[in-house]
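Within every chain, numbering begins at 1; the chains are lettered A, B, ... in the order of the sequence lines, protein sequences first and strands thereafter. The structure displayed is predicted, hence computed values, not measured ones.
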Amino acid sequence: MSDTDPLTPRRRIALVDVNNCYVSCERLFDPTLEGRPVVVLSNNDGCVVARSAEAKALGIQMGDPWFKLAAQAPAWGLEYRSSNYELYGDLSRRVMELLARYSAWQETYSIDEAFLGLRGTTAELTARARDIRAAVLKHVGLPVSVGIASSKTLAKLANHGAKRTPALGGVANLDAYTPDQVTRILESLPTDEVWGVAGRTKKRLTELGIHTIADLRGADPGLIRKKFSVVMQRTVYELRGIDCLPLEPPSPTREQIMFSRSFATPVSTRAEMERVLSVYAQRAAGRLRKQHSVAREMTCFASTSPYDPTHPHESAAGGASFPIPTDDPVEMVKAATAALMPRIREGARYVRAGVMLAGIRPAGADTPLDVFVPLHDQRGLGRLVDDVGRKFGSASIGLGLAGVKGAPIWSMKRERLSKRATTHWDELALVHAR
DNA sequence: TCTGGGGTCCTAGGACCC
DNA sequence: TCTGGGGTCCTAGGACCC
């Protein structure tokens, strides 16, 4: 049956996402956080990446550095947590499994969002969305919002509406509104509230006299394509309710792999930077092996703080390519060192470094002649490291400078890390009995 | 003192090929 | 005087997302 069959309701798209995801995950295992302002911080306890409604009400913004908030936190009663990705990832997986019961078309878009394809009348779909909310709350314990519309872009907007208007009870179905009502809603929203438009594009749209989402919807698609790109043109169509973005599960293998971190303490010696690079290259190679891929190119970088007014911002970058794509940690470490170390200045205060891998393809896709295979590949060193790490923990093995000693001074700061309550037996939540 | 860490897609332009 | 045209592949950089 086709979408035009009068007896078959047209497909609609629902966007389900977890409200204030990381904060909600923290509250699940620490109910004392309920009703209070809470933020979750980025790696290294650097800046705010999630805020409870109460924290938003205090004016705290996404990306605010923690050190600027810390002094006022006690007066505000503001609680903070270091990010616990293992916990969030596990809870996310449970939510996604539950959502799969509601639709055969599911696209997990991020750790806290999924698109679902649904068919039914407007009233049926609104009711189904309420079921979904109740089920996720009951079985996983997390609050979600649901937006329903005829395209992904509109479903996103509906979802924002569901969040902003408490009276909607967490569900907004755009089909329940008249065209005039929808127009009035879109007229009240600036262009950067739409998915795919941020600061730069908003500014350029303003110069063209396009101020609201309604203006963008009414713009000439050909002109938009010429001035911007095919992506923005699709946004115009999507706003008109024409579904242009396929609902497909994204590829399970990444096309680019990056391992990068800010340091708890700056790294200012070449010797220390060499250790950092060695560890990061091995971590990147590990991720590569985990998805059974090999890489052809590597880029490494290190940079000083862009916020330090007393020193100019410095960055170093260097690349390497592997004529025979590889996942071998020894080769990766060697390449990273050769690419970046000549550009590292003794005494510069580096605050961040990273290793990126590109030109990624499935391992074993093209088998090179034996004589071209580096010796380390033949020894299967990468797989050995992976096996040992899996059995005894990732800190138990490392090559060369990665060493196996305790955490070096530059490793991540996580002062308020909650327990990994759902994935580690020794970190289960404790329920006190009276 | 202290400001995240991943990713994606698109476009333009150059090299190279026939 | 007039000096092809189309295709692929690759890279760098921009913009955006969560």
Do the side-chain N or O atoms of [X] get closer than 4.0 angstrom to the phosphate oxygens (OP1, OP2) of [N]?
X	N	result
A/Arg352	B/dT3	no
A/Arg234	B/dC9	no
A/Arg349	B/dC2	yes

Nearest listed nucleotide, side chain of [X], among [options]:
X	options	answer
A/Tyr109	B/dG5, C/dC17, C/dC16	C/dC17
A/Phe67	B/dC2, B/dT11, B/dG4	B/dC2
A/Cys47	B/dT3, C/dT11, C/dC16	B/dT3
A/Ala198	C/dC16, B/dT11, B/dT8	C/dC16
A/Glu255	B/dT3, C/dC17, B/dC9	B/dC9

Students often get this wrong, so: under 4.0 angstrom with heavy atoms, is [X] touching a base, only sugar-phosphate, or nothing?
X	result
A/Asp112	sugar-phosphate
A/Lys413	nothing
A/Val48	nothing
A/Asn44	nothing

Review point. Watson-Crick or G-U wobble partner for B/dC18, using a 3.5 Å limit on both distances?
Key: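 The answer is C/dG5, by the H-bond criterion.
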
**Study point:** Span that lies between the C1' atom of C/dG4 and that of B/dC16, in whole angstrom
**Key:**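 Going atom to atom, C1' in each nucleotide, I get 16 Å.
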
Check your understanding: Under 3.5 Å, is there a donor-acceptor pair linking the side chains of A/Thr304 and A/Glu314?
Key ->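 No donor-acceptor contact under 3.5 Å links the two side chains.
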
